[in-house]
Amino acid sequence: MPRDAGNLVIYDTRSRSKQPFQTIEPGQVRMYVCGVTVYDDAHIGHAMSVMVFDMIRRYLEYRGYVVRHAQNFTDIDDKIITRANREGINPNDLTGRLISNWLSETLALNVLPATVYPRATQELPAIIAMIEGLIDRGHAYPVEGDVYYRVRSFPGYGKLSHRDPDDLRSGARIDVDERKDDPLDFALWKAVKPGEPSWPSPFGEGRPGWHIECSAMCTTHLGGFVDIHGGGTDLIFPHHENEIAQSEAFLGGEPFARYWLHNGMLRFGGEKMSKSLGNMVTVRSLLDRGLGDAFRLMVLQSHYRAPLTYSEEALAGAERGLERLRTAAGGGGAVGRPDTTAPALGDALAGQTADTWRRFFIAMDDDFDTPAAIAALFDLARSINREAASSPTSASLVAARTTLGDLMGVLGFDPARPTSTAGADASPFIDLLVTIRETMRKERHWALADQIRDGLADRGVTLEDGPAGTTWRATSGPS
RNA sequence: GGCGCCAUAGCCAAGCGGUAAGGCACGGGUCUGCAAAACCCUGAUCGGCGGUUCGAAUCCGCCUGGCGCCUCCA
């Protein structure tokens, strides 16, 4: 199985083109992915983004890279303060709770934990040092306790989002702050206001602006310059544009990030899902319904750069597709007893298994083309099922199933069907019912047998009568 | 007003100049006591109009309809 990444190309927002992947340090990937501002529950748009970068990270690691992955939490911000005040709690209690939720929810989504999870409020020394450096270099200036970045001091401003500062100026809808040298200048440090959390600094008591934390974190945790910097397309401007201005001015070099990756937005019907539109689905509700991996399949069946249209119907479709893959990968029946005398059909399956590897890597090497990679997996699943019907013990069948499971794992799926807690608790009783029903079926008591099957189905347990006996599995039906 | 994106079968979604991946749903069939699963068969000429080309869903122009960013945002 190929593990080198010599053919990997990645689309870079800055150059608007696919570029061969070459890291700063051979074999090492420094990846920074913008996390969330923790002021409310995570929604599935966040889940989509996190899954995309989890897939990318998993693939890079599978390719043999050592990935240092940083994801930040913005834990000081206007909305956090507002929300905390509304709930009558300390902002720290709010962010602590939401960060805890985030970590457990992303874990439940099969997302690998980041290497580091820096938080803005724990990076103050680095943030302050960077702001001081920017002031020293003439890229920033203090005004009455605030500190602003002087956009016009950075010639490359706009190169990521491909905007001309002169165009931005005329189109700016934000209220002009007369104290700034230029309307485009953005805050690095905000002077304290009554009742708000604040930290001491050389510029006065206050708190950091939004953009500076990411630049500072990249410096402290990833060496300043990074290989991959990611986030949603909505972060391209101004957030990432500002990060470039900060980091490159401070570090005195470029590029701040070699590859800028941005995932498309999750849409609801025609619109982007957002809190302000009130059309959000929380990660919690997704997990409560046991649809984490189904959602992952839905996400990865479209390309990460393209927007994805969410609907219950599409999610249900993905759930069925996931079942299909899991059934083929796990099988049931005679796994583990390979027959060394593989028939001709088995040889064909062995060939297709090898072909699946090839298709998978070619697809993934092309800017993480998961739709094509997954199509290859579905094709393999069909062949596996066909083989299972004719030669259920062939060695090539075992190998094919292993491959399918392995490649699903590379994409972050749990190839095995997660056992529901309810199912696990009830397992001995379900087994007993199945055994009793087997006897009934042998004695042709069809009505009673069907009654058991229907009754279990109503309780979320599906029975399947096969040649080798009856198997059951928990389904996400009514619970 | 500026920058950019999208429009492919009922639904989701690939495709990046050579005659439309994949998934879900639907219909027919096989298997099964029935069912489920599985397998087989079945469906689109790619928003509209022009143009370039031997040849375009794929390139160009116009039109129509959506959307994103420009302000917090994955």
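No experiment lies behind these values; they were computed from the predicted model shown.
- Contacts of Ala306(A) with the nucleic acid, taken as non-hydrogen atoms under 4.0 Å apart, involve only primed sugar atoms and P, OP1 or OP2.
- Base pairing of G43(B) is not made with any nucleotide, judged by Watson-Crick or G-U wobble geometry with both donor-acceptor distances under 3.5 Å.
- In terms of the side-chain contact (heavy atoms from CB on, under 4.5 Å) criterion, residue partners of Asn85(A) (sequence neighbours excluded) are, by chain and number, Ile81(A).
- Nucleic acid contact for Arg437(A): base, since at least one base atom lies under 4.0 Å from a heavy atom of the residue.
- Residue-level contact check: Thr233(A) touches neither bases nor backbone, having no heavy atom under 4.0 Å from any strand.
- Distance alone, capped at 3.5 Å, places no donor-acceptor pair between the Asp367(A) side chain and the Ile10(A) backbone.
- Closest-nucleotide positions on RNA chain B for His162(A) and Lys18(A) were compared, and the one nearer the 5' end corresponds to His162(A).
- Atoms CZ and CG, from Arg58(A) and Leu411(A) in turn, are 9.0 Å apart once rounded to the nearest 0.5 Å.
- Across the P atoms, C54(B) and A13(B) are found 36 Å apart, a figure rounded to whole Å.
- Between Asp78(A) atom CG and U71(B) atom P there is a gap of 15 Å when expressed in whole angstrom units.
- Residues Tyr157(A) and Asn242(A) bring a donor and an acceptor atom of their side chains to less than 3.5 Å of each other.
- Taking the six-membered ring for Trp and the full ring otherwise, Phe73(A) and Tyr117(A) have centroids separated by under 6.0 Å.
- The listed nucleotides are A37(B), C72(B), C11(B); the one nearest the side chain of Glu464(A) is A37(B).
- Look at Asn263(A) and you won't find any side-chain N or O under 4.0 angstrom from OP1 or OP2 of A74(B).
- Distance, His46(A) NE2 to C72(B) C1': 11 Å, rounded to whole Å.
- Among the atoms of the strands shown, only primed sugar atoms or phosphate atoms (P, OP1, OP2) are found under 4.0 Å from some heavy atom of Gly35(A).
- Side-chain atoms of Glu241(A) and His211(A) form no donor-acceptor pair, as typed in the model, at a separation below 3.5 Å.
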Seminar exercise, completed: Per-nucleotide protein contact along nucleotides 22-30 of chain B, 5' to 3', at a 4.0 Å heavy-atom cut-off (B base, S sugar-phosphate only, - neither), is BSSS-----
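- Of the side-chain N and O atoms in Arg473(A), none sit less than 4.0 angstrom from OP1 or OP2 of A37(B).
- Taking atom C1' on both nucleotides, A57(B) is separated from A14(B) by 12 Å, rounded to a whole Å.
- Tyr310(A) does not carry Arg267(A) over the face of its six-membered ring by the limits of under 6.0 Å from the centre and within 45° of the normal.
- In this structure, C67(B) and G4(B) make a Watson-Crick or G-U wobble pair, each of the two defining distances being under 3.5 angstrom.
- Across all strands shown, C54(B) is found opposite G18(B) as a Watson-Crick or G-U wobble partner, with both distances under 3.5 Å.
- For RNA chain B, the residues of residues 441-454 of chain A within the heavy-atom distance limit of 4.0 Å (strictly under) are Arg441(A), Trp446(A), Asp450(A), Arg453(A), sorted by number.
- Residue contacts for His303(A): at a heavy-atom cut-off of 4.0 Å it reaches the sugar-phosphate backbone alone, with no base atom in range.
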Problem set entry | Worked check of side chain to side chain contact (heavy atoms under 4.5 Å, CB included) between Leu407(A) and Trp357(A) | CA-CA 8 Å; Leu407(A) 295 181; Trp357(A) 279 104; 3.4 Å; yes
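- In terms of position along RNA chain B, the nucleotide closest to Arg305(A) lies nearer the 5' end than the nucleotide closest to the other residue of the pair Met48(A) and Arg305(A).
- When rounded to the nearest whole Å, the span between CE of Met265(A) and C1' of C6(B) equals 15 Å.
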